[in-house]
Amino acid sequence: MENINQYIGRRVRNYRKMKRMTLQQLADAIHKSRATVSKYENGEITLDVQTLYEISTVLEVDMGQLTSYRPEPEQEDLGQMVEPDGESPFFKADRLWFYFYDGRYDRLKEAVIDVHKGIRNEDGSRDAAMAIRSTTATGRSSEVYYNGNVLYSDMLIRFSFVNQYNKLEQDLLYLFNPLELRDFTEGLLCGISSADLMPCAFKCLVTLAPTDRYDELRQRLLLTPKELRRWQKMNMLIVDNLG
């Protein structure tokens with residue numbers, strides 16, 4: 001059974017890798033040796049509160065995200081929490097890329113989602129993190145980080161995220177689990193925008209590998225007049241102030 005030192009160390013390693021930091025970079029940031037940080041991550045040394053705080057600050061996560069230790073359930077209970085069977089690569093992926101078109105800024109945005117397969121919560125979900133990246137017309141790039149979890153079912157995969165810097169901003173990402181084997185699927189990203197405090201929903205495309213075919217992506221992500229008419233007829237979408 002994994003002890004609390006190993007659990008916290010594994011969390012530190014996962015979040016460090018999510019930020020694409022090396023062991024040496026984290027060690028330099030908290031003024032420790034590389035060997036010491038390696039022992040933290042392997043659970044060989046117990047982290048004191050001050051060091052834990054410094055690490056959480058550098059990794060830009062709450063301390064609770066590193067220390068929310070729960071003992072592993074007994075083996076006979078695992079049957080209620082396992083992920084669905086099947087060959088879908090979206091069940092197996094520990095990293096996904098997704099793209100959506102933000103009409104407010106006339107900009108295609110992309111994001112990377114990391115799923116921590118080794119971290120399972122009491123409700124059967126897995127921890128996940130998302131970084132949304134965008135580039136302005138002037139070439140300036142920015143990233144917004146989210147933490148949350150993912151639940152799997154036969155037809156849908158649901159990610160639930162909270163903005164690291166604004167806890168009031170929560171987003172849901174629903175992916176349609178394709179029945180056939182392919183490397184992309186469609187989804188819906190919805191929530192409350194922190195920019196204008198308005199509800200928002202975006203059609204998105206999720207892939208198993210990154211792509212740079214942005215013009216093609218933009219066309220696929222734009223809502224067509226036919227889609228709008230169909231959704232309005234079913235009372236699934238209300239659109240006002242059309243140009």
### Message
Test side chain to side chain contact (heavy atoms under 4.5 Å, CB included) on Leu205 and Glu186; report intermediate values, then the result.
### Response
CA-CA 5 Å; Leu205 188 70; Glu186 292 183 344; 4.2 Å; yes
Determine yes or no for a side-chain-to-main-chain donor-acceptor pair under 3.5 angstrom, with [X] supplying the side chain and [Y] the backbone.
X	Y	answer
Arg34	Leu23	no
Gln219	Glu216	no
Arg95	Asp114	no
Thr57	Tyr53	yes

Any side-chain donor-acceptor pair under 3.5 Å between [X] and [Y]?
X	Y	answer
Arg10	Asn42	no
Glu169	Tyr146	yes
Asn5	Thr46	yes

### Query
Phe184, Leu221: one ILVMFWY side-chain cluster at the under-4.5 Å cut-off?
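Yes; tracing contacts between hydrophobic side chains, which count when under 4.5 Å, links both residues.
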### Task
Establish whether Leu52 and Val58 are linked, either directly or via other cluster members, by ILVMFWY side-chain heavy-atom contacts under 4.5 Å.
yes
### Query
Considering residues, nucleotides and ligands other than Lys39, do more than 12 of their heavy atoms fall under 6.0 Å from its NZ?
no
#### Entry: Worked check of side chain to side chain contact (heavy atoms under 4.5 Å, CB included) between Leu59 and Arg16
CA-CA 6 Å; Leu59 298 181; Arg16 173 179 62 78; 4.1 Å; yes
### Near-ring test Tyr174/Phe176, centroid separation under 6.0 angstrom
no
### Query
Is the shortest heavy-atom distance from the side chain of Leu173 to the side chain of Cys204 under 4.5 Å?
yes
### Task
For residues Phe161 and Gly148, report the shortest heavy-atom separation together with the two atoms involved.
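The pair with the smallest heavy-atom distance is CD2-N, 3.8 Å.
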### Message
Can you give me the closest heavy-atom contact between Leu208 and Ala93, atom names plus distance?
### Response
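The pair with the smallest heavy-atom distance is CD2-CB, 4.0 Å.
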### Message
Set out, in order, the CA-CA distance, both residues' side-chain angles and the distance that settles side chain to side chain contact (heavy atoms under 4.5 Å, CB included) for Leu151 and Ile157, then state yes or no.
### Response
CA-CA 6 Å; Leu151 280 169; Ile157 303 172; over 6 Å; no
### Salt-bridge criterion met for Lys32 and Glu54 (N-O under 4.0 Å)
no
### Worked verdict on Thr207 versus Tyr99 for side chain to side chain contact (heavy atoms under 4.5 Å, CB included)
CA-CA 9 Å; Thr207 63; Tyr99 306 85; 3.7 Å; yes
### Task
For the pair Phe100 and Phe202, name the ring-plane relationship: parallel under 30°, tilted 30 to 60°, perpendicular over 60°.
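Rings of Phe100 and Phe202: tilted, 30 to 60°.
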